[in-house]
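Comments concern the structure below.
Remember, it's 1-based here, ligands and their atoms both numbered in the order they're listed. Just so you know, residue 1 is the first one in the sequence shown, and it goes up from there.
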Amino acid sequence: MQNFIYLIGCEKTREAAVVDPAWDVPAILKLAAQHQFQITTILLTHTHFDHINGVEELLKQTDARVFVHKKEAAALRYGGSNIKKIESGEAVKIGELDITFIHTPGHTPGSQCFYVGDRLITGDTLFINGCGRCDLPGGNPEEMYRSLTGALKHLDDATKVYPGHHYADIPVSTMGDERHQNPFLMSGSVEAFLRLTGSR
Ligand SMILES: [Zn+2]
């Protein structure tokens with residue numbers, strides 16, 4: 001499992017966003033408090049249980065707005081008006097930080113990545129040396145191929161990649177390294193990609 005949960009904070013205003021709050025909400029709150037951050041925002045890469053099982057509890061402790069791709073908003077049966085449905089290309093401000101949403105379906109229909117400065121938070125779309133499963137309900141390997149090669153592959157080499165799970169030896173990579181080592185980004189054609197994922 002080994003989920004990564006990210007806290008993104010503005011050093012000036014002390015506002016912060018939590019990406020995929022799950023498992024240990026007290027630890028998330030403690031980390032925010034240690035850095036004097038106020039959690040105003042929750043960002044969801046997708047709505048699989050292991051990425052959202054702390055959202056409801058975190059909403060009891062904060063008045064955070066929750067940004068989820070519109071295709072997966074129905075998975076959240078709480079939060080009322082705090083739940084914000086978003087689409088690709090939209091952006092949100094956390095203090096002085098701009099976070100842009102990039103829709104990357106394939107692992108799930110509403111999977112998305114978050115672009116912050118020179119950093120990309122990739123959820124279960126792009127892993128270091130891998131990519132998310134496409135054989136779960138709502139998964140689609142052709143869409144995953146298009147997300148990886150269309151939406152993400154053109155990003156600058158220096159872009160740092162922060163995946164949703166700790167499946168590699170290192171926690172952070174770059175788009176440059178992934179372009180040269182990640183077989184799913186190097187597959188070259190949708191047919192080769194499907195063979196690689198075992199989908200065909
Ligand atoms: Zn997932």
Run the numbers on Gln38 and Thr40 for side chain to side chain donor-acceptor pair (under 3.5 Å), then give the verdict. CA-CA 6 Å; Gln38 188 195 356; Thr40 61; over 6 Å; no
Please calculate the NE2(His46)-the Zn ion (ligand 1)-OD2(Asp124) angle and round it to 10 degrees. 90°
Can Phe114 and Phe101 be said to form a ring pair (Phe, Tyr, Trp, His ring centres under 6.0 Å), step by step? CA-CA 5 Å; Phe114 306 123; Phe101 306 110; 5.6 Å; yes
In terms of the angle between their ring planes, are His51 and His46 parallel, tilted or perpendicular, with boundaries placed at 30° and 60°? tilted
Has Asp50 got an N/O/S atom less than 2.8 Å from the Zn ion (ligand 1)? no
Take the angle between the ring planes of His48 and His107 and call it parallel below 30°, perpendicular above 60°, tilted in between. perpendicular
In His48, which N, O or S atom comes closest to the Zn ion (ligand 1)? ND1
Let me check your reading of the structure: within less than 2.8 Å of the Zn ion (ligand 1), is there an N/O/S atom from His107? yes
